[in-house]
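Predicted, not measured: the structure shown is a model, and the values here were computed from it. Letters A, B, ... are given to chains in the order of the sequence lines, protein chains preceding strands, and every chain is numbered from 1.
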Protein chains: 2
Amino acid sequence: MPLKETFKALSDPARREILEMLKDGPMRAGDIAARFSMRQATVSYHLSQLKGAELIRERREKNYIYYELNTSVFEELLLWASAFTADQGEYALEEKKGELHHET
Amino acid sequence: MPLKETFKALSDPARREILEMLKDGPMRAGDIAARFSMRQATVSYHLSQLKGAELIRERREKNYIYYELNTSVFEELLLWASAFTADQGEYALEEKKGELHHET
DNA sequence: TCTATATTTAGATAAATTTCTAAATGGCGG
DNA sequence: CCGCCATTTAGAAATTTATCTAAATATAGA
């Protein structure tokens, strides 16, 4: 929940690439690993980091695990970043400010 | 310019705290260090990381150096994050998409 | 129940990062 | 030109992180 974990998770290029892949829809760990030159165990590690940051969710189906984006944390990030821009009005800021805490 | 550096820079809590401080206006390295329990040399290191990511700029005046926010990179970040949210329409996305490259 | 498959966990290593102390730099004012 | 002040740079130590191999777990289906 705190943004601290979010930034930590986003700091790794491989993890951001995984997120980009998931834009096209849910994927299994094996499918993700197949597109990288890293071991499946390593991909599993990155997935656990992303899951810990709640940037992704897992959905179990048969004996597979599908990973998918969790958009809500991206909205928190959006809110955080918008507080640093000059033109804060462009993003719907005020409505959401109250709902979320604003930790670093 | 690539977002890679941005995420790297934002991954450290101390650096994010520095950014928060700079919301209130430009500060000198010494003033920033005075608010932390870390050495000035360490703060200097963090400032150089933030500067490398173009999240801050320095302005020299007399024999001081003032650090201040550079909002443009935050807008890139905003753009990146908005591509992961369901409701992309809320942020003025289309106008800016062409101007920026969209690397990871 | 047994086996095959998908995935994670454990443990180890290598690389990167943060932090410190001490020394160097650079510019103003006298 | 000199010494002072703010700040950075260098180098080293400690911590964290990413990655690998090998082993463990879980589960579907025969």
Side-chain angles (χ1 to χ4, degrees), chain A residues 2-22 24-70 103-104, chain B residues 2-22 24-70 103-104:
Chain A
L3 276 184
K4 185 176 184 189
E5 319 300 326
T6 310
F7 285 113
K8 230 356 225 12
L10 290 175
S11 71
D12 188 88
R15 289 195 286 265
R16 290 196 303 277
E17 207 171 328
I18 290 173
L19 292 174
E20 297 285 349
M21 284 182 193
L22 294 179
D24 297 334
M27 291 177 79
R28 292 177 299 164
D31 297 334
I32 294 169
R35 302 206 195 171
F36 279 102
S37 58
M38 67 175 74
R39 296 299 176 178
Q40 182 144 329
T42 304
V43 168
S44 186
Y45 163 74
H46 286 306
L47 288 171
S48 78
Q49 300 294 110
L50 289 169
K51 200 169 52 178
E54 294 183 75
L55 286 160
I56 63 174
R57 259 190 307 250
E58 67 177 40
R59 200 183 65 231
R60 283 156 190 278
E61 194 167 309
K62 304 192 77 169
N63 58 342
Y64 303 127
I65 303 175
Y66 287 91
Y67 289 96
E68 61 192 3
L69 293 175
N70 175 16
E103 293 168 65
T104 312
Chain B
L3 277 183
K4 184 176 185 188
E5 319 300 326
T6 309
F7 285 113
K8 238 338 232 20
L10 290 175
S11 71
D12 188 89
R15 289 196 285 265
R16 289 196 303 277
E17 207 170 326
I18 289 172
L19 292 173
E20 296 285 347
M21 284 181 192
L22 294 180
D24 297 334
M27 292 178 79
R28 291 177 299 163
D31 298 335
I32 295 168
R35 301 207 193 169
F36 279 101
S37 58
M38 67 175 75
R39 297 300 178 178
Q40 182 145 330
T42 304
V43 169
S44 187
Y45 162 75
H46 286 306
L47 287 171
S48 77
Q49 300 294 110
L50 289 169
K51 200 168 51 176
E54 295 182 75
L55 286 160
I56 63 174
R57 259 190 307 249
E58 67 178 39
R59 200 183 64 231
R60 283 155 190 278
E61 195 166 308
K62 302 191 80 169
N63 58 340
Y64 304 128
I65 304 175
Y66 287 91
Y67 289 94
E68 61 192 3
L69 293 176
N70 175 18
E103 294 169 66
T104 311

### Task
Could you tell me whether the phosphate oxygens of dT8(D), OP1 or OP2, come under 4.0 Å of any side-chain nitrogen or oxygen in Ser44(B)?
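Answer is yes, contact under 4.0 Å.
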
### Message
For dA18(D) and Tyr45(A) - does any side-chain N or O of the residue sit under 4.0 Å from the phosphate oxygens OP1/OP2?
### Response
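Checking Tyr45(A) against dA18(D): at least one side-chain N or O falls below 4.0 Å of OP1 or OP2.
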
Return the value, rounded to whole Å, for the distance between atom [atom1] of [X] and atom [atom2] of [N].
| X | N | atom1 | atom2 | answer |
| --- | --- | --- | --- | --- |
| Phe36(A) | dA18(D) | CZ | P | 13 Å |
| Asp31(B) | dC5(D) | CG | C1' | 13 Å |
| Leu47(B) | dA6(D) | CG | P | 16 Å |
| Asn63(A) | dA28(D) | CG | P | 6 Å |
| Glu61(B) | dT7(D) | CD | P | 12 Å |

Okay, side chain of [X], backbone of [Y]: is any donor-acceptor separation there less than 3.5 Å?
| X | Y | value |
| --- | --- | --- |
| Arg57(A) | Asn70(A) | no |
| Arg15(B) | Lys8(B) | yes |
| Arg16(A) | Leu10(A) | yes |

### Message
Measuring from the side chain of Lys8(A) (C-beta onward, heavy atoms only), which nucleotide among dT17(D), dT19(D), dT21(D) has the closest atom?
### Response
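Nearest listed nucleotide: dT17(D).
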
### Query
Measuring from Arg59(A):CZ to Ile65(A):CD1, what's the distance to the nearest 0.5 Å?
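CD1 of Ile65(A) is found 11.5 Å from CZ of Arg59(A).
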
#### Entry: Along DNA chain D (nearest heavy atom to each residue), the more 5'-positioned of Arg60(A) and Met38(A)
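The 5'-side residue here is Met38(A).
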
### Query
Starting at the 5' end of DNA chain D and moving along, which residue's nearest nucleotide shows up first, Asp12(A) or Lys62(A)?
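Counting from the 5' end, the first nearest nucleotide belongs to Asp12(A).
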
### Task
Please lay out, stage by stage, how Asp12(B) and Gln49(B) fare under the test side chain to side chain contact (heavy atoms under 4.5 Å, CB included).
CA-CA 10 Å; Asp12(B) 188 89; Gln49(B) 300 294 110; over 6 Å; no

### Query
When you look at CZ of Arg60(B), are more than 12 heavy atoms from neighbouring residues, nucleotides or ligands closer to it than 6.0 Å?
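No, not enclosed.
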
### Positional range of nucleotides in DNA chain C within the contact set of chain A, heavy-atom, under 4.0 Å
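Range of nucleotides within reach of chain A: dA6(C) to dT9(C).
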
### Query
Does the side chain of Phe36(A) reach to within under 4.5 Å of the side chain of Met21(A), using non-hydrogen atoms?
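In short, these two side chains touch, coming nearer than 4.5 Å.
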
### Query
Across the strands shown, which category fits Ala41(A) at heavy-atom distances under 4.0 angstrom: base, sugar-phosphate, nothing?
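Ala41(A): base contact, heavy atoms under 4.0 Å.
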
